[in-house]
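Only one structure is covered here, and it is reproduced in the block below.
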Amino acid sequence: MSEAILTITGLTKVYKRSHLGRTLVSRGVNDLNVSVRRGEVFGLLGLNGSGKTTTIKLILGLLFPTTGDIKVLDHSVPHPEAQKKIGYLPEVPYFYRNLTPVEVLHLYGSLSKMDPQFLKKRIDEVLIMVRMDQVKKKPMREFSKGMLQRIGLAQAILHDPDLLILDEPVTGLDPLGIRQTRQLIQDLNSRGKTIFFSSHSISELERLAHRVGILVDGKLVKLLDQSEWKEKSGRLEELFIETLEASGAAGSIR
Amino acid sequence: MSSVFAIARYTIIEQIRNRLYQIILFFGGAILASSLLLGALAPGHKVRVIFDLGLVMLELFGLATAVFGAVSLVTQEIESKTIYLLLTRPLRRPAYILGRFLGLVAAVSITMVAMAILHVLVMVSDRMWFQVFTADWSFWTVYPLLVFMSMGKMLITAAVALFFSLFATSSVSALVFTGFFWVAGHFGPELSFMINKTVQGPLRTVLHAAAAVFPNFQYFNFRDMYAIPGFPGYEFIGWAVLYALAYAGALLTVSMILFSRKEF
């Protein structure tokens, strides 16, 4: 079995919000334990509010855990060494409207401590990979959502990270954009990159993921292996619904 | 430090290309140029009107650059979640604050220097600089010092604008709070007067707290002071520089501590 690149142990995130003198407590993630192996594509599946984005934000250090620990290659996050190994694509990437793709990538590359000479070459490379080299000097306020998504992917892979975290990478894309993103994920994975992604799109998870974790109310209730769904198209959806019914969460989608 | 400079560099570029910034610069220039007309409306005081109006404009448009720059960049960056892509890099959060601050101060300085050059050109075109200055101070000594002192104010204003842009819940509230601090900062002498006139009690404590929290822009009021005989010019400037650095430094430190704990 290959080494774990991402290890989440006993992760809990409790939100406390004060409203009119009352404190409202809710759990975004509840005692989550999961280990992602180097080189695999791991999908996180769940309904809205199930804790997918919270989990991703905790891994990235945008939220701090209430209890538990997250390790990326033996570094507890947030840690600069761990962050160097991670590439992140948010659900809807926004960029600085008046900067060009080359400038934005130069900024992110500089922050990732990339060598300035190598960075120049790498920017051209990734812009070709995401098919945005023709518009590399245009201000990004002129870009469509699909184009921004591609720049988002470019910045995520710019520093050649070992672990890619993608939050709903195909949401809002047209069919061609979905196909290109899927191909890019497969290509990156074939080059040894580990992909951790959340999605509502069961068909994408079915095609891409080696393993899928199902989150219900912040808890990982099922961990499925590719062998459990690859025999039959649509099987992952059946398994997802069965899991929701078994955990009593299906009521909300009826 | 390379991360700080990368953030600062792109703060300046983004700011200079921002339409709002270009409009601010255009209006500032237009008002300065039209001060010749306003001067003509005040016969006998033309030089004073053009000189004072120019300096006020310099400060006001510097303020506009600092406030709108901080809000349009930082608050919107947080609201639109663009900041996620920065903070998920190996970037320490204090470096982000410092980079944004330095970029903001640089953008404000560019605005003020550009407007100062235009202001000087307006005055030189009519050879009116001869008429404004005292025997002790020449125009070419005082004018750069006046701009420099205004920049001290802007250093503090940029730190205040950045603080509220980071922690206010919306762009509007960041604008309002910064504007409030700016106005309150000009009432330093009045605040001191009220403290002296108030007997011991909760009100005096509140006034002392206000005096400690709000900046005191009176320290930068070189414009009204230099003509006073015996005025300790360079000593005054030295203390003002120290005050600006200390106030901005303290506020940036608080911003860094709070921002390090902020969740997104």
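Below, chain A is the first sequence line, B the second, and so on; all start at residue 1.
Each of His79(A), His159(A), Glu81(A) has some count of heavy-atom pairs under 4.5 Å with chain B, and the biggest count is that of His159(A). The residue among Leu87(B), Ile7(B), Leu91(B), Leu86(B) with the most heavy atom pairs within less than 4.5 Å of chain A is Leu86(B). For chain A, the option among Ile83(B), Thr82(B), Ile13(B), Leu73(B) with the highest count of heavy-atom pairs below 4.5 Å is Thr82(B). Note on Ser110(A), Gly61(A), Ser112(A): by heavy-atom pairs under 4.5 Å with chain B, the leading option is Ser112(A).
For the pair Tyr96(A) and Tyr10(B), the minimum side-chain heavy-atom distance is 4.5 Å or more. Residues Leu99(A) and Glu14(B) have side chains in contact (heavy-atom distance under 4.5 Å, counting atoms from C-beta outward). Residues Ser3(B) and Lys113(A) have side chains in contact (heavy-atom distance under 4.5 Å, counting atoms from C-beta outward). You'll find the side chain of Arg9(B) stays beyond 4.5 Å of the side chain of Glu103(A), heavy atoms only.
Other residues, nucleotides and ligands place more than 12 heavy atoms under 6.0 Å from the CZ atom of Phe264(B). Phe167(B) CZ: more than 12 foreign heavy atoms inside a 6.0 Å radius. Within 6.0 Å of atom NZ in Lys145(A), more than 12 heavy atoms from other residues, nucleotides or ligands are found, so the atom counts as buried in its surroundings. Within a 6.0 Å radius of CE in Met194(B), no more than 12 heavy atoms belonging to other residues, nucleotides or ligands are found. In the displayed structure, Phe177(B) atom CZ is contacted under 6.0 Å by at most 12 heavy atoms of other residues, nucleotides or ligands. In Phe148(B), the CZ atom is not crowded: 12 or fewer heavy atoms of neighbouring residues, nucleotides or ligands sit closer than 6.0 Å. Within 6.0 Å of the NZ atom in Lys262(B), the count of heavy atoms belonging to other residues, nucleotides or ligands exceeds 12. Within a 6.0 Å radius of CZ in Arg19(B), other residues, nucleotides and ligands contribute 12 heavy atoms or fewer.
Gln155(A) contributes no side-chain N or O that, together with a main-chain N or O of Leu85(B), makes up a donor-acceptor pair within less than 3.5 Å.
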| message | Run Tyr84(B) and Leu60(A) through side chain to side chain contact (heavy atoms under 4.5 Å, CB included) and show every step you take. | response | CA-CA 9 Å; Tyr84(B) 290 8; Leu60(A) 294 167; over 6 Å; no
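Annotation: the span from Arg17(B) atom CZ to Thr100(A) atom OG1 amounts to 6.5 Å, rounded to 0.5 Å. Taken to the nearest 0.5 Å, the CG atom of Leu89(A) stands 10.5 Å off from the OG1 atom of Thr88(B). To the nearest 0.5 Å, atom OG of residue Ser2(B) and atom CE of residue Met114(A) are 13.0 Å apart.
The two residues Pro80(A) and Arg92(B) have their closest heavy-atom pair at CG-NH2, 3.5 Å. Shortest non-hydrogen contact noted between Lys84(A) and Pro90(B) is CG-CG, 3.6 Å. Nearest heavy atom pair, residue Phe64(A) against residue Glu263(B), reads N-OE2, 2.6 Å.
The only option from Ile86(A), Leu107(A), Leu111(A) that meets the side-chain contact (heavy atoms from CB on, under 4.5 Å) definition with Arg89(B) turns out to be Leu111(A).
The contact between Lys13(A) and chain B is made entirely by side chain atoms (from C-beta outward), counting heavy-atom distances below 4.5 Å.
Looking only at atom types and distance, the side chain of Glu77(B) has no donor-acceptor partner in the side chain of Tyr94(A) under 3.5 Å away.
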